[in-house]
Amino acid sequence: MAATGNEEQTLLPDIEEEAEGMEREMESEEEEEEGMGVEHSEEEDEEDTSEDERENEAEIQRLEEQLSINAFDYNCHVDLIKLLRQEGKLHRLRKARQKMSELFPLTEEIWLDWLKDEIRLTEDESDREKVYELFERAVKDYMCPEIWLEYVQYSIGGMGAQGGIERVRSIFERALTAVGLHMTKGASIWEAYREFEIVILSTVQPPPGSVPSQEQQELLNAQLERIHTLFRRQLAVPLMDMEGTYAEYSDWADDGVPETVTHQYRRALQQLEKCKPFEEALLVSEPPKLAEYQAYIDFEMKEGDPARVQIIFERALAENCLVPDLWIKYTTYLDRQLKIKDLVLSAHERAVRNCPWTMGLWKSYLLALERHGADHQTVTEWSRELDELRAAFARSLDYLKQDVEERFSESGDLSCTIMQIWARIEALHCKNMQKARELWDSIMTKGNAKYANMWLEYYNLERSYGDAAHCRKALHRAVQCTSDYPEHVCDVLLNFERVEGSLEDWDAAVQKTETKLNRVNEQRARVAEKEALQARQEEEKAEHRRKAKADKKAQKKSQKPNRTGDKRKAEDEYEEEWGEDAELPSKRLRGEEDVGSTATEELMETESGLFGRRAPPPRKSEPPGFRKNQQGLSEALRLPQDESKEQRKDENSVFVSNLAFNMEDPEGKLRTLFQGCGTVQQVRPVFTPKGVFRGYCYVQFEDRLAVPEALKLDRQEVDGRPMYVSPCVDKNKNPDFKVFKYKTAMEKHKIFISGLPYTCTKETLEDLCKQHGTVKAIRLVTNRSGKPKGLAYVEYENEAQASQAVLKMDGTMLENFTLSVAISNPPSRKMDDKAAPSRVLGAAMPRQPQGARGKGRTQISLLPRSLYRQSAPDAKAENGTVSAPHATVTDGVDGGPGTTSLDTQTKSLSNEDFARMLLKK
């Protein structure tokens, strides 16, 4: 490496002088052309020095400035060389090539361009020697058959000099050693060598008709033997187109091909057949062909021929020079198998030149230098003085930081090995522990302070070359910072104080280690508890899915012989699919309500209180198969109640409903939503037997104080629907418990607006209402799916402002909708008698009174229409609602003995009563 640098330095002045001479000659030629009367107009001169040249010159200056900032920019070097060659600036071109070759190994194309340019400029023998030296540098970078072929052809041009023929033969032999085994390109070197020897043979043959002397005959025989030897050597090597070489040798040899040569030729053919699949794979594959070369290398290593292993490695590295693993594999093979000093050290030097960011290559290079007894100056290179050694370490660290860590962080010095070696050298050889401690401080700041092995390495350094005080300080810092193996560090500190410290030091160490270990155990316990909770939740989910699957299977089995049950199942699936039973008109026949409605009402404790829904009336009769269907559904509906009493705490829970059925991961989403209220202990979503989310769940907190905060989230929009949050109360224990967030009495400071467009937003309504006073709150009434109903409540600061708003806004238009505005006076919520929680099969179901909408399908009377008589007109109620009075049935005489009412149908009519009614028509 150092020798190469010296050669480059001696070549550079000569090359620069030659370039200056060539430029002067070119200038003199231009002056002669001008003197010969070559006329150019001013316009043509301007075109010659036109925009392109100025742009190229500007680009050249930019590239040179960039290289002055970052000399390791490979692409910048390549672009600069191309531009300088294009512009014909020989002096600057040589300098650029020289600088690039000092930093990087050059590719085959760059070397060939450089060599051809220099060959064209050679004039005398001294120039030829410079080109020879350039060739020697070129063949050291990569194994390139084209460069070797150019080298031998150039050497043939100098065969006329003294010792020229022997020099040519020496270069040919080196070329055969380097690339003669190349299966596809090696034959060109062999053929060039044979042609050269055949030309030499023609020069030693005597003229026709003359008798050669003994000396001439000896020269002739020796030359013939050289040619025979070349043929025999080539036929023993597996190369492409071996058949043509064998045929040529058969024609050339007067006595035919010897048997031994034929045997070697056949063995080479067999070897060629084995290698052909790998060569064909390389031909058809795209660069860089790394996988194909790896397979080829493995095959040759199994065959065990070191020369062939070396040639395939060189071929692979020529196309994959930036793959550190390939260099490591090659150098390891050379270290363990060939062990040839020049070959091994050359490979290691080329490896670090191609991949300088890989610390493993540098380490193996230093070991190889030491193993082969290289000169100490070569190993250290800059280490004559201590300051130069420190500068070398600093430069290596700067290079790692600036170039390697930014581009190849996974291959950099992650454990700061270079800095550790530097610190040990400072402590051992320089006796400078202060510098070593500074280096270790820098190591710890690079993210290594949490590793126990790094602290113990520092402690061992202090133990060997430092003092007890710094050892104690290092161990205390280690106990504080270590996170992977704190127990080990604590043991080392205690052992140190037991041997070196006083009683006070021992007490301080015990207290520090106990505090650290307690904190670590607490952290580990929290982590273990979290993992156990996650595992338990996964088990609960798996158990829930298993129960749901079993219930579904049992339900299918129970419904198989029951056609009525199958029909109800289809209706239930339809209702679950739409998920908005509150909005659908109730058009079910008697006995066709949801089978699990009673159980649902029991679980959703606050359902009727939240939404003002009346409890369903008891059924009069039960369809066939009712009990089996109810049993299958009740199992799924009772899933939350199957929780153990210890886990469920209703006083710490809230009931969340009106959620979207298609909500993804309801447990995780609600846990995130309620975590701001307090620590969420568990979320219990309710699913159908098919695993479909029912739209409600229970959220349990660790602390009861979190429940009021959670209730504040009532009516918050989640996935486009208002989420209802209410206390979790067992209705079996508190049947009269009702929850309604808003007042049902008259509120004179609040107005009720109806007839709003469905597209109306809070902002629009606020802009409209704030003209008449200070608006404190606005509530747009929506249905359970979050869709607006066209109703709103607006709260003002006082009654006067509300009255003013009613006077000004009632009857006004908003987006072609007429608004109706009144003081808020919600209708009273009268609840009928609750339905029995359970019914016995065959028990009578009382009739449900008709509501404001009229009769439902289950309330149709079979009385003739002529027997009805309506009561007084309806009276207008609060907020525009209408209370429908009950129709009466009479026998035609007002207040007569036959008067009856649908409200009080406790007295049944006989057949005679019906006949009397019909006859009085």
Side-chain angles (χ1 to χ4, degrees), residues 1-10 101-105 133 135-144 148 170-171 173-181 297 300-301 304-318 320-385 388-389 392-393 395-396 399 411 413 417-418 420-422 424-425 428-429:
M1 198 167 166
T4 304
N6 294 334
E7 291 175 4
E8 294 170 357
Q9 292 175 2
T10 55
S101 66
E102 292 173 0
L103 298 175
F104 302 102
E133 294 175 3
F135 269 114
E136 291 295 331
R137 290 170 54 193
V139 296
K140 289 179 180 179
D141 280 348
Y142 300 110
M143 191 275 298
C144 300
W148 277 107
S170 173
I171 295 173
E173 290 295 334
R174 290 175 56 200
L176 291 178
T177 303
V179 298
L181 296 180
I297 289 170
E300 292 292 358
M301 292 182 74
D305 187 349
R308 297 205 59 79
V309 174
Q310 181 188 355
I311 194 69
I312 192 59
F313 263 119
E314 292 287 354
R315 289 176 61 184
L317 289 169
N320 300 274
C321 59
L322 299 180
V323 181
D325 292 341
L326 193 59
W327 282 107
I328 291 173
K329 190 173 182 179
Y330 182 35
T331 54
T332 303
Y333 175 80
L334 295 178
D335 287 334
R336 295 178 180 177
Q337 299 296 329
L338 296 185
K339 301 180 181 179
I340 302 173
K341 178 179 178 180
D342 294 338
L343 181 61
V344 171
L345 297 183
S346 173
H348 278 288
E349 181 182 355
R350 290 188 293 132
V352 297
R353 275 173 59 82
N354 282 275
C355 303
W357 60 85
T358 306
M359 192 181 62
L361 290 174
W362 286 102
K363 289 167 62 177
S364 60
Y365 185 23
L366 292 173
L367 290 174
L369 288 169
E370 185 177 358
R371 188 180 297 116
H372 292 281
D375 184 18
H376 184 71
Q377 179 66 22
T378 306
V379 177
T380 58
E381 189 165 353
W382 297 295
S383 59
R384 292 180 180 179
E385 301 293 338
E388 293 182 0
L389 177 61
F393 274 112
R395 282 196 295 271
S396 64
Y399 176 79
S411 302
D413 190 9
T417 306
I418 293 178
Q420 292 185 41
I421 296 172
W422 186 1
R424 188 163 290 276
I425 291 174
L428 176 62
H429 298 289

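H348 contributes atom NE2, which lies 13.5 Å from atom NZ of K363 (distance to the nearest 0.5 angstrom). If you take CD1 on I418 and CE on M359, they are separated by 6.0 Å, rounding to the nearest 0.5 Å. Atom OG1 in T331 sits 13.5 Å away from atom CD in E349 (nearest 0.5 Å). Note that the SG atom of C321 and the CZ atom of F104 stand 11.0 Å from one another [nearest 0.5 Å]. The distance from the OG1 atom of T358 to the CG atom of N354 is 10.5 Å, given to the nearest 0.5 Å. One distance of note links CE of M301 with CZ of F313; it measures 5.0 Å at 0.5 Å rounding.
Between W148 and M143, every side-chain heavy-atom pair lies at or beyond the 4.5 Å cut-off. Residues L181 and Q310 fail the side-chain proximity criterion, which asks for heavy atoms closer than 4.5 Å. Contact check for L317 versus W327: side-chain heavy atoms found under the 4.5 Å cut-off.
Considering every non-hydrogen atom in both P306 and L338, the closest pair reads CB-CD2, 3.4 Å. Nearest heavy-atom pair across K140 and R350 is O-CD, 2.7 Å. For R353 against E102, the heavy-atom pair with the smallest separation is NH1-O, 3.6 Å. When all heavy atoms of H372 and I340 are compared, the pair lying nearest together is CE1-C, 4.5 Å. Here the closest heavy-atom approach between residue L334 and residue A347 is recorded as CD1-CB, 3.4 Å. Considering all non-hydrogen atoms of both residues, D335 and A368 come closest at OD1-CB, 4.3 Å.
Listed by chain and number, the residues in a salt bridge (charged side-chain N to carboxylate O under 4.0 Å, His left out) with K329 are D298 (sequence neighbours excluded). With sequence neighbours left out, the side chain to side chain donor-acceptor pair (under 3.5 Å) criterion links Q337 to no other residue. Residues meeting the side chain to side chain donor-acceptor pair (under 3.5 Å) test with Y330, sequence neighbours left out: E314. The side-chain contact (heavy atoms from CB on, under 4.5 Å) search around L428 returns Y465, not counting sequence neighbours. Residues that satisfy the side chain to side chain donor-acceptor pair (under 3.5 Å) test with R371, not counting sequence neighbours, are absent from this structure. The side-chain contact (heavy atoms from CB on, under 4.5 Å) search around L103 returns A71, F72, H77, not counting sequence neighbours.
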### Query
So L326 and I297, side chain to side chain contact (heavy atoms under 4.5 Å, CB included) or not? Walk me through it.
CA-CA 10 Å; L326 193 59; I297 289 170; 4.0 Å; yes
Item to complete: Start with the C-alpha gap between I312 and R315, add the side-chain angles, then the distance that decides, and say whether side chain to side chain contact (heavy atoms under 4.5 Å, CB included) holds.
Response: CA-CA 5 Å; I312 192 59; R315 289 176 61 184; 4.3 Å; yes
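Listed for the S364 side chain is a donor-acceptor partner under 3.5 Å among the backbone atoms of L361.
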